[in-house]
Amino acid sequence: MSTDPSPRESESRAHMRTRMIHGLARSRHWEYAHHIVPPVSSSAAFRLDSVERGAQGFLDFAHDTVDAHDLIYIYDRLDEPTRGMLEENLASAEGGDRALCFSSGMAAISAVIHGLLRAGDELVTHHVLYGCTYSLFVNWLPRAGIRVVFEDLTDLEALQRQITSRTRAIYFETPVNPDLTLIDIEAIHDLAAAANKGRSPTECVRIVVDNTFATPYCQRPLEHGADIVCHSLTKGIGGFGTDVGGAAVVPNSFFNPLLLYRKDYGGILSPKAAWATLVYGLPSLATRMVNYQKGAHHVARFLAQHPKVEKVLYPGIDSFPQFALAKKQMHDPKGMFAPGSMLYFVLKDASPDGRHGREFIDYVAKNAYSITLAVSLGQIKTLIECPYSMTHATMPPEEKARHGVDPGGIRLSCGLEDWEDIVADLDAALKAV
Ligand SMILES: *Cc1c(COP(=O)(O)O)cnc(C)c1O
């Protein structure tokens with residue numbers, strides 16, 4: 001079996017969909033010239049020919065001295081082939097230098113934050129975040145001596161006022177989970193770049209974007225000036241809801257520190273979970289997303305004209321308050337507008353506790369065939385949930401009320417069913433409430 005590790009000429013001109021399907025034709029992580037499907041490696045430790053080679057492997061680890069020879073595998077928690085191949089393909093999909101995969105999205109986010117910040121540093125973040133990220137920032141970072149400042153990141157002047165000499169990172173999701181607010185990555189990049197003038201590299205403000213909602217098919221934050229991208233692989237990239245995982249796409253300069261962090265804190269993605277994402281999730285992302293979006297468009301248009309619906313937020317329709325920003329920031333790798341698969345809507349409801357919304361979701365849970373009440377998103381099945389009382393339960397009610405997370409707000413992740421069936425199930429539930 002001979003493999004030439006240099007990429008083929010034809011690979012360099014391939015488009016992103018093709019790359020996400022084929023990966024690196026000649027991965028240095030594993031030679032598998034006779035397989036079409038990358039094999040799942042399942043080995044906690046690896047055979048070493050000599051103590052000298054083992055010593056070389058430890059020397060190479062996190063020191064990027066491997067280029068002169070083949071990778072030396074030692075132990076799964078350091079590096080292993082299946083996860084390594086997924087990491088190469090994720091870095092390529094996001095247009096970044098390197099990727100590292102973690103046991104969950106939260107493991108990736110917490111690793112990035114703790115890798116970047118230390119006691120005395122400050123993090124500025126948007127006031128609405130995925131519930132567990134919010135909980136991480138409120139419950140755990142202060143214990144580590146990291147000050148977390150919540151701000152409305154759509155207000156650049158307000159953000160500007162929060163940047164101090166101790167600020168080391170600006171963290172946000174765009175679109176924001178769950179209300180789909182968009183944050184202008186390029187504008188935040190310009191602001192951070194101005195703040196970074198005269199700062200040493202260790203003192204710079206880094207921009208970290210959680211790109212879980214959009215996926216790299218709809219938005220590549222690094223192209224707009226972000227420094228680091230985080231993902232829950234459990235969602236759109238994993239795509240089938242079979243495995244939990246996370247990833248961070250980072251510049252070369254942050255790769256070794258984060259690799260060391262992952263080795264020592266231990267939150268690695270298991271090779272079996274990596275294999276599912278490598279073989280099913282990422283290669284099918286483009287095709288799934290194109291079809292999620294078609295469905296989401298029809299669903300958004302249906303909801304927008306329905307008399308019982310107060311508001312529907314989907315970046316793909318022109319009633320979306322930040323439609324211009326959506327068109328600027330969210331596009332597929334060929335430049336076509338790509339507003340994604342997620343919707344948020346609120347019913348007309350006289351009761352301040354959002355009772356109608358919950359009744360609507362309960363009706364769907366009991367009666368709908370094409371829509372499932374569940375958290376998570378980006379799967380082939382359409383999922384519906386109530387963020388206020390479920391995924392965002394950890395945010396205090398006053399904070400939610402102040403920032404547009406409505407008690408009866410409904411989040412919908414469009415799947416691959418025929419859109420007419422999704423609309424029919426929504427229509428029936430709207431008639432019932
Ligand atoms: C789900 C989610 C996470 C956390 O990912 P896990 O894989 O569940 O740990 C982080 N950010 C966003 C936007 C999410 O939707």
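Worth knowing before you read on, the calculation uses all heavy atoms, side chains too, and leaves out hydrogens, waters and symmetry mates. Note that this is a predicted model, so its numbers are computed, not measured. Residue numbers run from 1 in the order of the sequence given.
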Engineer: Using only atom types and a distance under 3.5 Å, with no angle test, would you say the side chain of Lys235 pairs donor to acceptor with the backbone of Phe213?
Structural biologist: no

Engineer: Please determine, by modelled atom types, if Gln293 and Ser341 share a side-chain donor-acceptor pair under 3.5 angstrom.
Structural biologist: no

Engineer: Parallel, tilted or perpendicular, judged at 30° and 60°: which one describes the rings of Tyr265 and Tyr261?
Structural biologist: parallel

Engineer: Check whether Asp425 reaches the backbone of Ser370 with its side chain - one donor and one acceptor, N or O, closer than 3.5 Å.
Structural biologist: yes

Engineer: Taking side chain as C-beta onward, heavy atoms only, is His29 less than 4.5 Å from Tyr73?
Structural biologist: yes

Engineer: Any side-chain heavy-atom pair from Asp152 and Val128 closer than 4.5 angstrom?
Structural biologist: no

Engineer: Looking only at the aromatic ring of each residue, does the gap between the centers of Phe137 and Tyr171 stay below 6.0 angstrom?
Structural biologist: yes

Engineer: Could you check whether any side-chain heavy atom of Thr382 comes within less than 4.5 Å of a side-chain heavy atom of Ser413, counting everything from C-beta outward?
Structural biologist: no

Engineer: Is any side-chain heavy atom of Met390 closer than 4.5 Å to a side-chain heavy atom of Leu373?
Structural biologist: yes

Engineer: Do Leu116 and Leu258 touch side chain to side chain, with heavy atoms closer than 4.5 Å?
Structural biologist: no

Engineer: Specify whether Tyr130 and His392 have parallel, tilted or perpendicular ring planes, treating 30° as the upper limit for parallel and 60° as the lower limit for perpendicular.
Structural biologist: perpendicular

Engineer: Please confirm whether Arg411 makes a cation-pi placement over Tyr344, using NZ or CZ under 6.0 Å from the six-membered ring centre and within 45° of the ring normal.
Structural biologist: no

Engineer: Does any N or O in the side chain of Ser135 come within less than 3.5 Å of the main-chain N or O of Gly131, such that one atom is a donor and the other an acceptor?
Structural biologist: no

Engineer: Do Phe345 and Tyr314 have ring centres separated by under 6.0 Å?
Structural biologist: no

Engineer: Is there a side-chain contact between Ile384 and Ile410 (heavy atoms, below 4.5 Å)?
Structural biologist: yes

Engineer: Determine yes or no for a side-chain-to-main-chain donor-acceptor pair under 3.5 angstrom, with Asn367 supplying the side chain and Ala429 the backbone.
Structural biologist: no

Engineer: Taking His306 for the side chain and Lys308 for the main chain, is one N or O donor matched with an acceptor at less than 3.5 Å?
Structural biologist: yes

Engineer: Do the side chains of Cys101 and Leu233 get nearer than 4.5 Å, heavy atoms only?
Structural biologist: yes

Engineer: Mark yes or no for whether Arg83, through its side chain, and Trp275, through its backbone, hold a donor-acceptor pair below 3.5 Å.
Structural biologist: no

Engineer: With a 4.5 Å limit on heavy-atom distance, are the side chains of Leu141 and His114 in contact?
Structural biologist: yes

Engineer: With ring centroids as reference points, do Phe302 and Trp419 lie under 6.0 angstrom apart?
Structural biologist: no

Engineer: At their closest point, which heavy atom of Val375 faces which heavy atom of Glu385, and how far apart are they?
Structural biologist: CG1-OE1, 3.9 Å

Engineer: Would you say His126 and Glu151 are linked by a side-chain donor-acceptor pair, where the criterion is simply a distance under 3.5 Å?
Structural biologist: no

Engineer: Does the structure place the NZ or CZ of Arg98 under 6.0 Å from the centre of the six-membered ring of Phe254, at an angle of no more than 45° from the ring's axis?
Structural biologist: no

Engineer: Counting distance only, does the side-chain N/O of Arg220 pair as donor-acceptor with the main-chain N or O of Pro216 below 3.5 Å?
Structural biologist: yes

